[in-house]
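In what follows, a structure is listed as structure tokens, so that the remarks can point back to it.
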Amino acid sequence: QMNADYLQLIATLDQGWEIVPPVYLRPRWTSDTGNVYHFIIKQGEDSTKMITVNDDAMARNFIAAHQLKVIK
């Protein structure tokens with residue numbers, strides 16, 4: 001099963017948005033179990049948003065491949 005939030009992150013990056021390090025690993029707000037990654041992304045100087053991605057193997061592999069610092 002693909003992580004829809006992860007796919008949204010990839011699609012947004014493909015549109016020219018950039019990740020602003022670090023990535024934040026936080027407990028999931030809607031559940032007592034599991035964590036999520038908060039990616040701050042920007043496009044140009046004026047557009048910034050956050051994409052929240054479930055903590056799974058795909059997200060961890062992406063973070064490792066891009067050598068992103070994670071703040072817990």
Beyond-backbone contact of Tyr24 with Val70, side-chain heavy atoms, under 4.5 angstrom: no
Can you tell me how far the CD1 atom of Ile19 sits from the NE2 atom of His66, to the nearest 0.5 Å? 6.5 Å
In terms of heavy-atom contacts, does NZ of Lys42 have more than 12 from other residues, nucleotides or ligands at under 6.0 Å? no
So do Phe62 and Tyr6 actually touch side chain to side chain, heavy atoms under 4.5 Å? yes
Measuring from atom CG of Leu68 to atom CZ of Phe39, what distance do you get when rounded to the nearest 0.5 angstrom? 6.5 Å
Min side-chain heavy-atom separation Arg60-Tyr37 under 4.5 Å: yes
Identify which one of Asn35, Thr52, Val36 satisfies the side-chain contact (heavy atoms from CB on, under 4.5 Å) criterion when paired with Arg28. Val36
Could you tell me whether the side chain of Lys49 reaches within less than 4.5 Å of the side chain of Thr12, counting heavy atoms only? yes
Min side-chain heavy-atom separation Ile71-Val23 under 4.5 Å: no
Measuring from His38:NE2 to Leu25:CG, what's the distance to the nearest 0.5 Å? 8.5 Å
Between Asn3 and Asp5, is there a donor-acceptor pair closer than 3.5 Å when you use the side chain of the first and the backbone of the second? yes
Within a strict 4.5 Å, meaning less than it, do heavy atoms of the Gln43 and Glu18 side chains meet? no
Point-to-point distance, once rounded to the nearest 0.5 Å, from CD1 of Ile41 to CE of Met50: 10.5 Å
